[in-house]
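A short worksheet on the structure shown next.
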Amino acid sequence: MSFTLAQPVHSELVIKKSRFIGCVQPVADRAAALAVVASLRAEHPAAAHVCWALMAGGQSAANDDGEPGGTAGRPMLEVLRHQEIEGSLATVVRYFGGVKLGAGGLVRAYTDAIAQALLGATLVPLVRQRTLQCAVPYALEGLVRRELAAAGAVLDAVQHGDDVLFAFTLPEPDAKAFIARLDDAAQGRVVWQPA
C-alpha cells in the first residue's frame, strides 16, 4: 500500500560543519515540485545545493544540484520508495561547512536528512478511487443521495433531464458492493453508464 503525507515534515542535521535542512511534503505533480524548489533557492540564496527527489507516479525524478552524481537526489528518492510514499517531494538545502564528506558521506547525509524528517510524519494511506455514473428516475433521487452519503462517496455532478444523472467517486474496493446495494435498493431501476 502507498502513502502520502498529511503535512510537511522537516529535519535539520549538522555533519562536519555542513548544515542539511530536509523537508518532505505532499505535492500534486512535477510543476508544483519545481515551484517549491525554486522558492527554496530564493529563500536560501547562500546555500551551496538545493537537492530534491519527487515521487509522483510517472513524474518521479531526482536532482543532485551540483553534488557528485548519485549522491543526493537518488538516495533521497530511494528513502521515499522504501517508505512507499507517493505524491511527495523531498528536498535538502545544504550549506557547505568547508569539510568534504566524500561520496559515501554525502549519500548518508542526504538519506539521513530525509529519514529523520519522516520520523515525525503522519502517513495517509492512498486508496485508488473509481468514478461511476448512473441514471435513475426522479423518484429515486433522494435514495441515491442517501446511499452516496452513507458510502462516503464524493458527488462530482448531478444533471436533471429525463432522468437524474449522477457522477460520483468512491474508493475502488467499495465500488462493487455499492453497485449491488444500490441496484437492490432501487429494485433494478438504476441504469449504469460508462464513466
Side-chain angles (χ1 to χ4, degrees), residues 1-11 22-37 39 52-62 73-74 76-91 111 114-195:
M1 172 175 277
S2 294
F3 301 90
T4 192
L5 299 171
Q7 69 277 333
V9 289
H10 303 274
S11 71
C23 178
V24 184
Q25 62 194 46
V27 293
D29 54 25
R30 188 177 181 124
L34 293 175
V36 170
V37 171
S39 72
W52 57 272
L54 171 68
M55 277 296 286
Q59 300 180 17
S60 296
R74 177 73 49 198
M76 293 160 53
L77 188 62
E78 288 306 315
V79 172
L80 296 178
R81 277 196 183 119
H82 180 72
Q83 298 288 332
E84 298 181 48
I85 297 174
E86 265 295 325
S88 297
L89 172 68
T91 57
T111 299
I114 298 308
Q116 290 293 321
L118 288 173
L119 289 176
T122 300
L123 299 180
V124 178
L126 288 174
V127 178
R128 185 178 300 275
Q129 300 291 304
R130 182 169 172 196
T131 300
L132 298 171
Q133 287 187 354
C134 68
V136 297
Y138 277 84
L140 296 177
E141 181 176 3
L143 168 79
V144 173
R145 286 183 182 272
R146 285 188 300 277
E147 289 293 333
L148 290 172
V154 175
L155 186 57
D156 300 322
V158 178
Q159 294 178 349
H160 293 88
D162 292 339
D163 288 319
V164 182
L165 178 64
F166 288 92
F168 56 94
T169 306
L170 73 162
E172 188 170 352
D174 302 339
K176 189 174 180 179
F178 178 83
I179 291 169
R181 188 171 61 250
L182 192 58
D183 281 342
D184 185 50
Q187 300 172 344
R189 294 183 288 170
V190 178
V191 177
W192 294 98
Q193 302 179 348

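Note that these values count all heavy atoms, side chains included, but never hydrogens, waters or copies made by symmetry. Just so you know, these numbers come straight off a predicted model, no measurement behind them.
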Heavy atoms, side chains only, cut-off 4.5 Å: are [X] and [Y] in contact?
X: L123; Y: L5; value: yes
X: L132; Y: F166; value: no
X: F168; Y: C134; value: yes
X: V144; Y: V164; value: no

Check whether [X] reaches the backbone of [Y] with its side chain - one donor and one acceptor, N or O, closer than 3.5 Å.
X: S88; Y: E86; value: yes
X: Q129; Y: V127; value: yes
X: Y138; Y: D162; value: no

Non-hydrogen atoms of V136 and D163 that approach each other most closely: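 Smallest interatomic distance, heavy atoms only, reads O-CB, 3.3 Å.
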Could you measure the distance from the [atom1] atom of [X] to the [atom2] atom of [Y]? Nearest 0.5 Å is fine.
X: T91; Y: M76; atom1: OG1; atom2: CE; result: 6.5 Å
X: L54; Y: R30; atom1: CG; atom2: CZ; result: 7.0 Å
X: W192; Y: I179; atom1: CH2; atom2: CD1; result: 5.0 Å

Neighbour count >12 (heavy atoms, 6.0 Å) for atom CZ, R189: yes
